[in-house]
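Note that the structure is predicted; figures quoted are calculated from it, not measured. Scope of the values below: all heavy atoms of this structure, side chains included, with no hydrogens, waters or symmetry mates.
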There are 2 protein chains.
Amino acid sequence: MAQAAPPKARATRPSANATRERIVVAALDLFSELSFDGATTREIAARAEVTQPLVNYHFSSKEELWFAAVDRIFAQLNDALTGRAEGLRGVDELTTAKLLIREFVYFCAAHPQLHRIITQECKTDGPRMDWLVEHHVRPVYEQTAAMLDGLVAAGHLPRVPTAHLYYILTGAAPTMFVLGPECRRLTGLDPRAPEVIEAHADAVISLLFGAERTEP
Amino acid sequence: MAQAAPPKARATRPSANATRERIVVAALDLFSELSFDGATTREIAARAEVTQPLVNYHFSSKEELWFAAVDRIFAQLNDALTGRAEGLRGVDELTTAKLLIREFVYFCAAHPQLHRIITQECKTDGPRMDWLVEHHVRPVYEQTAAMLDGLVAAGHLPRVPTAHLYYILTGAAPTMFVLGPECRRLTGLDPRAPEVIEAHADAVISLLFGAERTEP
DNA sequence: GTCTATAATTAGATAGAC
DNA sequence: GTCTATCTAATTATAGAC
């Protein structure tokens with residue numbers, strides 16, 4: 001294996017990294033809204049305020065750009081969850097779980113792209129799905145499943161198989177935000193409002209871990 | 001308003017209705033997999049085993065075909081739920097709710113197109129979204145919200161605002177099936193298998209209405 | 001009703017100037 | 001690095017034969 005070359009002074013223009021970053025951000029929005037095939041590199045370029053061939057300069061193909069966009073959203077998810085978990089060392093299992101689930105609801109509200117892009121790829125179930133699961137979803141699943149198993153064993157959650165708990169949480173947390181336009185028309189609530197996000201986190205936690213119910 | 005013309009004997013060929021139906025079925029699958037823009041009339045035609053211009057003969061535009069496909073999936077949903085409800089006259093409120101939610105989980109498993117097509121349209125939030133909500137989603141929402149309100153008032157569900165309960169149910173029920181390809185890779189469970197569907201209905205009902213939890 | 005042929009548009013990617 | 005110009009392929013919809 002050749003040694004890595006020492007970093008050259010000014011190998012790239014100072015604008016290059018910023019441009020690349022703007023393209024990835026635009027791509028994440030458009031891929032999640034329109035799916036891989038539906039998003040066009042022209043529109044991604046326009047949103048990043050560059051010309052379309054520049055996308056092909058920075059990313060060898062549309063697919064490479066998609067990989068970069070997915071890497072970015074999962075890096076953000078992991079930052080949010082591990083950042084929260086590190087602030088909770090020594091806190092008991094149930095409280096930790098509730099706060100992590102709350103953090104997950106906040107993340108789903110702020111970044112509906114995450115759930116959208118997974119849904120997009122599941123529809124067609126091609127080779128991008130293999131990459132997505134093995135590179136990004138499986139680590140999240142294994143950590144979450146371990147947490148859920150502990151909660152069931154401790155009696156904090158009903159005796160429901162882990163996979164079902166995972167998909168109930170994965171559905172219950174983001175759906176209000178993913179279906180935001182429907183929610184606004186149907187209920188009058190705006191799922192972008194902080195108090196609605198807070199109320200949704202409360203709701204998910206109440207249903208999972210139980211809350212007082214009125215007597216009939 | 002002119003009177004409707006009496007139905008003519010053999011105004012259309014006997015094959016026409018069957019062809020139209022095959023096109024709508026193919027369109028529903030492809031629109032839900034690929035979204036409105038992503039699905040091509042050529043592919044819809046190929047799946048229905050007709051040529052592409054015949055799609056434009058039966059439906060004046062791609063959008064008319066989309067309306068017909070959405071009408072079809074909501075008609076199936078309403079058939080399934082009202083059919084189940086009619087078999088439950090006189091049954092108590094809690095049992096009725098559990099059986100209707102079970103029926104909804106079965107429907108989500110058999111027809112992941114429903115949740116997919118709503119998700120598709122929410123992403124772009126255009127005029128098709130207006131039509132979808134006002135023609136089809138609102139009636140379902142109002143009936144469901146009334147049921148959920150009754151369950152909260154009777155103490156069968158925690159005191160959580162209706163809109164949040166609706167989106168928790170709307171997320172928890174179909175997500176395992178909508179993310180089927182991910183679920184198979186991640187958990188080894190096939191969400192098309194009847195016993196997995198049954199277990200998911202059990203899981204959703206346990207979490208909503210409570211079930212025994214082990215003591216720590 | 002259903003077909004073949006085609007018009008008009010738009011996509012991703014490449015060539016080459018600066 | 002970033003641009004303009006362009007190639008090839010694929011899209012919806014229409015024209016017109018049968």
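In this structure Asn78(A) satisfies the side-chain contact (heavy atoms from CB on, under 4.5 Å) test together with Val140(A), sequence neighbours excluded. Every side chain to side chain donor-acceptor pair (under 3.5 Å) that Asp130(B) has, sequence neighbours left out, goes to Arg185(A). By the salt bridge (Lys or Arg N to Asp or Glu O under 4.0 Å) test, Glu182(A) pairs with no residue at all, sequence neighbours left out. Residues passing the side-chain contact (heavy atoms from CB on, under 4.5 Å) test with Leu99(B) are Arg84(B), Leu88(B), Thr95(B), sequence neighbours excluded.
Using a distance-only test at 3.5 Å, with no hydrogens or angles considered, no donor-acceptor pair links the side chain of Lys123(B) to the main chain of Ser35(A). Although no hydrogens or angles enter the test, the distance criterion places a donor-acceptor pair under 3.5 Å between the side chain of Tyr167(B) and the main chain of Cys183(A).
In this structure, Ala39(A) reaches the sugar-phosphate backbone alone: every heavy-atom distance under 4.0 Å involves primed, P, OP1 or OP2 atoms, never a base.
If you measure from atom CG of Leu65(B) to atom P of dT11(D), you get 16 Å, rounded to the nearest angstrom. If you measure from atom CZ of Phe36(A) to atom C1' of dG12(C), you get 10 Å, rounded to the nearest angstrom. Rounding to whole angstrom units, CG of residue Leu54(B) and P of dA5(C) are separated by 17 Å. The distance between atom CD of Glu43(B) and atom C1' of dT12(D), rounded to the nearest whole Å, is 14 Å. One atom, CD of Glu64(A), and another, P of dA13(C), lie 11 Å apart when rounded to the nearest Å. Taking atom CG on Leu30(A) and atom C1' on dA11(C), their separation rounds to 15 Å, with Å as the unit. In this entry the distance linking NE2 of His58(A) with P of dA13(C) reads 15 Å, nearest Å. Between the CG atom of Leu34(A) and the P atom of dG12(C) there is a distance of 11 Å, given to the nearest Å.
Taking side-chain N and O atoms only, Tyr57(A) has a distance below 4.0 Å to OP1 or OP2 of dG1(D). Here Thr51(A) does not reach the OP1 or OP2 of dT2(D): none of its side-chain N or O atoms lies under 4.0 Å away.
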For this session: Would you mind building the protein contact string for nucleotides 13-18 of chain D? One character per nucleotide, 5' to 3', B for base within reach (heavy atoms under 4.0 Å), S for sugar-phosphate only, - for untouched.
Result: BB----

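Among pairs with a residue in residues 24-34 of chain A, those fulfilling side chain to side chain donor-acceptor pair (under 3.5 Å) read Asp29(A)-Gln113(A), at least two apart in sequence or across chains.
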